[in-house]
S.K.: 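If you scroll down you'll find the structure; I have some questions about it.
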Amino acid sequence: MTELFLTLLIPLIGSFALLFIKKEQMQLIKYVAFGFSVISFIFSIALLLKFHSDNPNFQLTYEKVWIPSLDIGFRVGIDGMSLLLVLLTTFISPIAIYSSFDAIKKREKSYYALLLLLQFAMTGVFISLDLFLFYIFWELILIPMYFLIGIWGGKDRIYATVKFFLFTMFGSLPMLVGIIWLGQFIGTHLVHVPNGFTTNYELIRQYSHFIPIEYQKLLFWAFAISFLIKVPVFPLHTWLPDAHTEAPTAGSVILAGVLLKMGTYGLIRFNLELFPQASFLYTSLISWLAVFGIVYGALVAMVQSDVKRLVAYSSVSHLGFVVLGIFSMTVEGIQGGIIQMVNHGLSTGMLFLCVGVLYERRHTREIEEFGGIARIMPAFTVFLGIAMLASVGLPGLNGFVGEFLTLLGAFKSPFLGSIWFTVIAATGVIFAAVYLLWMFRRVMFGTITNPANRGLKDINKREWATFLPIVLFIVWIGVYPSTFLKLSENSTKKLVNKLERIKFGKERYELPVIPEISKPNNTNIKNNQ
Amino acid sequence: MFDLVQLIILFPLLGFIGIGVLGKYLKSEKVIGIIGSSTVGISFIISVILFFHIISTGLAKPYIVDVFTWIATGDFSVKVSYQVDQLSILFSLIVTGVGFLIHVYSIGYMHGDRSFARFFSYLNLFIFMMLNLVLASNYLLTFLGWEGVGLASYLLIGFWYDRKFPGVRITWTGDAGNKAFIVNRIGDFGFLIAMFLIFANFGTLSYTEVQDIAYLGKSIYFDTGLITAITLLLFLGCTGKSAQLPLAVWLPDAMAGPTPVSALIHAATMVTAGIFLIARNSVLFSLAPITMEVVLIVGVITAFWAATIGITQNDIKKVLAYSTVSQLGFMFAALGAGAFVAGVFHVMTHAFFKGLLFLGAGSVIHGMHEEQNIKKMGNLAKYMPTTYKTFLLASLAIAGVPLFSGFFSKDAILWAVYNDGGFIWWLILTIAAFFTAFYMFRLVYLVFHGKERFDHHKLHPHESPKVITVPLAVLAFLSVFGGFLGIPYVFGFWFSHHPNALENFLMPIFAKSNNILGVPLEHELHAIEYLFIAIAIAVALIGIKVAINYYSDDKLLRPRRIAEKFKAAFDLSLNKYYLDEIYFYLIVDPIVNGSRSFLWKKFDVGVVDGIVNGSATVVQKISETLRRIQTGIAQNYALLMIAGIAAILAWVVSSF
């Protein structure tokens, strides 16, 4: 619990600490920001060590009621999935901060303070066990991200940041309505809570499947819209290429690395967990959107001339696999989706770092401006090559594990019941090779024809230091994914058990019986027909 | 003992990582070359030890060595685990044996290249992946190797990334690498879906378990849609990796890589992965007669198609590349005819003679200072005697001259195709064999005989160093005598009932599929078989004779006359039947253009963003209109307020 608090709060403290440093002390600002971020990572490792992967329930939970009259509380805790995503956050954030050291040359203090605030909010999203708290963190993300793109972004940054803001707001308002309605409905119709209202996630989770289907449908969409925009799922994706292209490198890295995962996380945590019957109803629809997005994102990525935009569209394609896996509602699919969230964070994050390396040297992202870079930047070539191959889904690297499991899950899913989702989605694997290899060929191979590229320096020590840890995990997950799959295995099985019990009346997976520690007391079922 | 198989895998991996990471610091080519070759050499020695252990123990069932759990979640679990049996060790021997020779050869060939270490690192990576492919005990690990060799192939085709390479829409060697990887991915798509089908229906991806289940339920599974689908999808993977129609287009362009790569990856080993996969799944394939028919037809047509292209090409490596495609077609024809042993046998002999031909070509290119056009060579036998002799022996072997290795394996294939597929397919394949003999001796004569057509002042052809010629000699020995491992019954029956050593060795592997296919245990002697052999020999000799007649004339009058007379056919062959152009025109361009002009510019930017920006504009317009109400004049506000109060009062009153 202490570890959880510290992981969450240290970035926030760091963000405040920066306010007390004079803005002329640039080195200090950078290293304080980096230091806080690294400390937070260390505590998240402690979190990992305290976590019991056998236990399918939420762990290290903490509950402090905040607004008693509405049963709104500061409730946090983690299960396997949130742990993985918290680790991803605390892993990517210091790298993003470190990668900005040379790139950001104006208003450093606010920049790093905002990055730390962002890290705080992202961690909060993944550990909240209270809908109201979740919503606060969810919206809090917008503020630093809005400024990061708007101030430190590229030349169309204002358009991009407003678009990003409006898309996200458009999604989150229905979610707020949904939270209020859900709290009200559960609190008054299904369980006795003092004032007929609650936002306690665990309580809601236990009873929400008793909500009649006609209400569940509405609630499902109230939440789903917000998440589908964030993922983003076709056709709600158009904010992403703009936001990615205009954001500073660190912003893109965090956006791709962590922010998008909030959407897929939400789909599992809220849509599948809370509205199972409605999920059964819409699984085909959303899976088709995901499959369409996989192919569509890849095809559009193929014809981009801007490297960053290309990587952005590839995100649409890759996240499609995650959504497909989630809505296959099989253990393989959801586990694949979770590991693919991590994978995408690593490999696409690394691709953005690579684009950043090129951009810092040449101040352009046009593919045609490059060519023959391999000759003068051999080390960079290796790293871009690894990131590319991980993204392509080469077996032995991380991307393959996620793609394979999500496709397999969708293939055998009794909920989807058609192999065509997988067959069409798998063509995305071909197109992924097309757009990434084409890009790599045009940027790296051939001879240097553009004189501006002639004097480019290979990556420096700092850039080495940002790439190496990512490569370590790219290979680790590719070769021995069990380390990571194991963490969320039982919580996923628990979820699938619940879904299958509701749909087919029986559970398939045996789980260790561990009593839920934070079982809410003083409540009893009121209406359980 | 069999646990040693892990070491076979381990050493090339160590070589890859070691040379890859430390290569920059190991300045000496010698050290790098020795490390790179010895890792493969050690693997070869271990393979030999296991081979003899198999023979002495008579291993009846595959021996499985589990290393660790790779991917496991839910109901799905796959291990990194290796399977020692006759088939895997045979392939392991070919891969590491031929691989070792080519590594040694590369020390000489790549001498002075600025990326010497990178080359050896990639070669070791290739060997590592190829060994995973053939030694794996489950589909997924084979798939790792499958894609991994594709990666190595991609890296090595584009090894000289700053060199140009001519081809259809190909400018740089990197483009050729991309083409290889992407075309292979289309095949891999089939492999992937096949794995899903297998797992969904058999609940496992282990080779032995799947084959056992399928074999036990053979009456249920026989000729079902499921098995047909699985095998056809696997075969799609094979057409990619082994360059068969319709995915054959990448292999000729793969010649952009350094010549040892062409020898190792694009002739001797990687491209035979498709044959391995079918042999490994012989039970499933023999349960799917439709697929077998498809495999046979695709093999025969590809063999013929590529052979007819081979006769007009002028790049020494392109001729050999089409020859490889054609020979792979022969192997698939054998598999499709149910003659698994014959297919595998041809893999082996082909690895010897085609590996040798490529290495010989490399020696020529090396001696000619990177010249590859055979029209600019001639009379090189004088300058490169060892290369010439070995090249000639390999050519005799591939042409199918009696007692050379290719003779035995090709003869076995032709007979099997006649027996199973019928006269037509046999005839087409025999014509392909005729062209094979023809284009090989066209090559021999244009390169090694006749007038010297190169510029003496600029070029001084020379024999290659020992490190290159010794591997040539070893392979030449194997090309000549390797065939005796698979003596067909018609020749050997007088000294043994089972004269075919390879068939005996592979018996446990194909026992089940032979049972399903109804292959008799005892051979029968058909008088007609002698007739077919006589025809095959005649075809080979006539092909050679015609080529010699045509090309020993320095003016090339007859070939020129024929080319003019059959201009259309000649152009078709010279331009590879325009298959590349057709694919670009019908598939690639529509997809790319459609994605750009419709999906991106119209749909993404136009429709989706149009709606988004449109609604923003609408809100803005409305706000601008509403803004006018805020005039800032107090009287207007007062007026509005009174109007409002009046309206509320009216509503209150009316509601009573």
Side-chain angles (χ1 to χ4, degrees), chain A residues 163 166-167 235-239 241 296 299-300 302-304 330-333 335-336 339 372 374-375 385 389 392 394-396 400-401 404-405 407-409 411-412 419 422-423 426-427 429-430 432-434 437-438 440-441 444-448 479-482 485 489 492-493 496 508-509, chain B residues 20 24 68-76 80 118 129 140-141 143-148 150-151 154-155 158 161-164 171-175 177-178 181-182 184-186 188-189 192-193 195-197 199-200 591-597 599-600 603-605 607-609 612-613 616:
Chain A
K163 199 171 177 183
L166 288 181
F167 259 86
L236 304 169
H237 64 277
T238 59
W239 65 270
Y296 181 88
L299 287 176
V300 178
M302 190 168 73
V303 294
Q304 297 303 313
T330 55
V331 175
E332 293 84 358
Q335 281 280 79
I339 203 81
R375 183 85 168 83
L389 294 169
V392 164
L394 191 83
F400 176 71
V401 179
F404 183 82
L405 286 176
L407 289 174
L408 179 73
F411 195 87
K412 67 187 277 271
I419 63 169
T422 297
V423 174
T427 61
V429 174
I430 302 172
V434 177
L437 261 59
W438 280 4
F440 194 77
R441 207 301 277 139
M444 307 311 288
F445 290 161
T447 49
I448 294 181
V479 175
Y480 197 72
S482 306
L485 288 171
E489 179 83 11
T492 304
K493 279 182 176 165
V496 172
R508 276 196 307 143
Y509 298 101
Chain B
K24 221 168 33 173
F68 62 86
T69 300
W70 183 17
I71 302 176
T73 185
D75 305 324
F76 183 79
V80 170
R118 187 160 61 92
M129 287 299 185
L140 200 64
L141 192 60
F143 190 71
L144 167 92
W146 191 269
E147 289 244 304
L151 166 69
Y154 162 79
L155 292 171
Y161 53 79
D162 49 4
R163 289 194 192 178
K164 295 213 171 185
T171 319
W172 303 93
T173 57
D175 293 316
N178 281 0
F181 196 90
I182 291 164
N184 266 293
R185 271 260 154 153
I186 298 172
D188 296 353
F189 163 81
L192 200 59
I193 305 291
M195 279 197 288
F196 294 141
L197 273 174
F199 182 74
I591 291 179
V592 172
N593 294 336
S595 301
R596 180 177 291 119
S597 55
L599 288 185
W600 181 33
F603 195 80
D604 224 64
V605 178
V607 178
V608 183
D609 262 5
V612 173
N613 294 339

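Worth knowing before you read on, the calculation uses all heavy atoms, side chains too, and leaves out hydrogens, waters and symmetry mates. Order of the sequence lines sets the chain letters (A, B, ...), proteins ahead of strands, with each chain counted from 1.
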S.K.: Which atoms form the tightest heavy-atom contact between A:Gly446 and B:Asp162, and what is the distance?
M.R.: O-CB, 3.5 Å

S.K.: For residues A:Tyr296 and B:Leu599, report the shortest heavy-atom separation together with the two atoms involved.
M.R.: OH-O, 3.0 Å

S.K.: Can you say whether B:Ile591 sits under 4.5 Å from chain A via the side chain, the backbone, both, or neither, judging by heavy atoms?
M.R.: both

S.K.: Any chance you could measure A:Phe400, atom CZ, to B:Glu147, atom CD, to the nearest 0.5 Å?
M.R.: 7.0 Å

S.K.: After noting the C-alpha distance and the side-chain angles of A:Lys412 and B:Phe76, does the key distance pass the side-chain contact (heavy atoms from CB on, under 4.5 Å) rule?
M.R.: CA-CA 11 Å; A:Lys412 67 187 277 271; B:Phe76 183 79; over 6 Å; no

S.K.: Between B:Leu141 and chain A, which part of the residue has a heavy atom less than 4.5 Å away: side chain, backbone, both or neither?
M.R.: neither

S.K.: For the interface with chain B, which of A:Met302, A:Lys163, A:Gln304, A:His237 has the highest count of heavy-atom pairs at distances below 4.5 Å?
M.R.: A:Gln304

S.K.: Which bit of B:Phe189 is near chain A, if near means a heavy-atom gap under 4.5 Å: side chain, backbone, both or neither?
M.R.: side chain

S.K.: Top residue by heavy-atom pair count (under 4.5 Å) with chain B, among A:Leu485, A:Val496, A:Val429?
M.R.: A:Val429

S.K.: Which heavy atom of A:Val392 sits nearest a heavy atom of B:Arg185, and at what distance?
M.R.: O-NH1, 2.9 Å

S.K.: Heavy-atom distances under 4.5 Å only: say whether B:Val612 touches chain A with side chain, backbone, both or neither.
M.R.: side chain

S.K.: For A:Ala426 and B:Ile193, work out which heavy atoms get closest and say how close.
M.R.: CB-CD1, 3.9 Å

S.K.: Answer yes or no: is there a donor N or O on one side and an acceptor on the other, between the side chain of A:Glu489 and the main chain of B:Thr73, under 3.5 Å?
M.R.: no

S.K.: Determine, using ring centers only, whether A:Phe411 and B:Phe199 are less than 6.0 Å apart.
M.R.: no

S.K.: Quick check for you: among B:Asp609, B:Thr171, B:Leu144, which has the greatest number of heavy-atom pairs under 4.5 Å with chain A?
M.R.: B:Asp609

S.K.: Please report the interatomic distance CE(A:Met444) to CH2(B:Trp172), rounded to the nearest 0.5 Å.
M.R.: 14.5 Å

S.K.: Checking heavy atoms, do the side chain of B:Asp188, its backbone, both or neither come under 4.5 Å from chain A?
M.R.: neither

S.K.: Would you mind checking which part of A:Phe440 comes under 4.5 Å of any heavy atom in chain B, side chain (CB onward), backbone (N, CA, C, O), both or neither?
M.R.: side chain

S.K.: Pick from B:Asn613, B:Asn593, B:Val605, B:Val80: which one has the most heavy-atom pairs with chain A under 4.5 Å?
M.R.: B:Asn613

S.K.: Count the heavy-atom pairs under 4.5 Å between each of A:Val300, A:Thr447, A:Val331 and chain B, then report the option with the highest count.
M.R.: A:Thr447

S.K.: Measure distances from B:Asp175 to the heavy atoms of chain A and classify the residue's part below 4.5 Å as side chain, backbone, both or neither.
M.R.: both

S.K.: With side-chain contact (heavy atoms from CB on, under 4.5 Å) as the criterion, how do B:Trp600 and A:Leu299 come out once you've worked through the C-alpha distance, each side chain's angles and the decisive distance to 0.1 Å?
M.R.: CA-CA 9 Å; B:Trp600 181 33; A:Leu299 287 176; over 6 Å; no

S.K.: Under a 4.5 Å heavy-atom cut-off, does chain B meet the side chain of A:Leu407, its backbone, both or neither?
M.R.: both

S.K.: Which value, rounded to the nearest 0.5 Å, describes the distance between A:Thr330 atom OG1 and B:Asp75 atom CG?
M.R.: 9.0 Å

S.K.: Under a 4.5 Å cutoff for heavy-atom pairs, which residue among B:Leu155, B:Ile182, B:Asp604, B:Val608 has the most contacts with chain A?
M.R.: B:Asp604

S.K.: Taking side chain as everything from C-beta outward and backbone as N, CA, C, O, which of these in B:Phe68 sits under 4.5 Å from a heavy atom of chain A? Side chain, backbone, both or neither.
M.R.: side chain

S.K.: Is B:Ala200 close to chain A through its backbone or its side chain, or both, or neither, when contacts mean heavy atoms under 4.5 Å?
M.R.: side chain

S.K.: I need the minimum non-hydrogen distance between A:Tyr480 and B:Thr69, along with the two atoms involved.
M.R.: CE1-O, 3.6 Å

S.K.: With chain B, which of A:Pro241, A:Gly333, A:Ala374 has the greatest number of heavy-atom pairs at distances under 4.5 Å?
M.R.: A:Ala374

S.K.: Measure the OH-CZ distance between B:Tyr161 and A:Arg375 for me, rounded to the nearest 0.5 Å.
M.R.: 5.5 Å

S.K.: Using non-hydrogen atoms only, which part of A:Trp438 is less than 4.5 Å away from chain B: side chain, backbone, both, or neither?
M.R.: both

S.K.: Given heavy-atom pairs under 4.5 angstrom as the criterion, report whether the side chain, backbone, both or neither of A:Leu389 touches chain B.
M.R.: side chain

S.K.: At a heavy-atom separation under 4.5 Å, does A:Thr427 approach chain B through its side chain, its backbone, both, or neither?
M.R.: both

S.K.: Over all heavy atoms of both residues, which pair between A:Pro395 and B:Trp70 is shortest? Give the atoms and the distance, please.
M.R.: CB-CH2, 4.5 Å

S.K.: Is B:Leu151 in contact with chain A via its backbone, its side chain, both, or neither, using a 4.5 Å heavy-atom distance?
M.R.: side chain

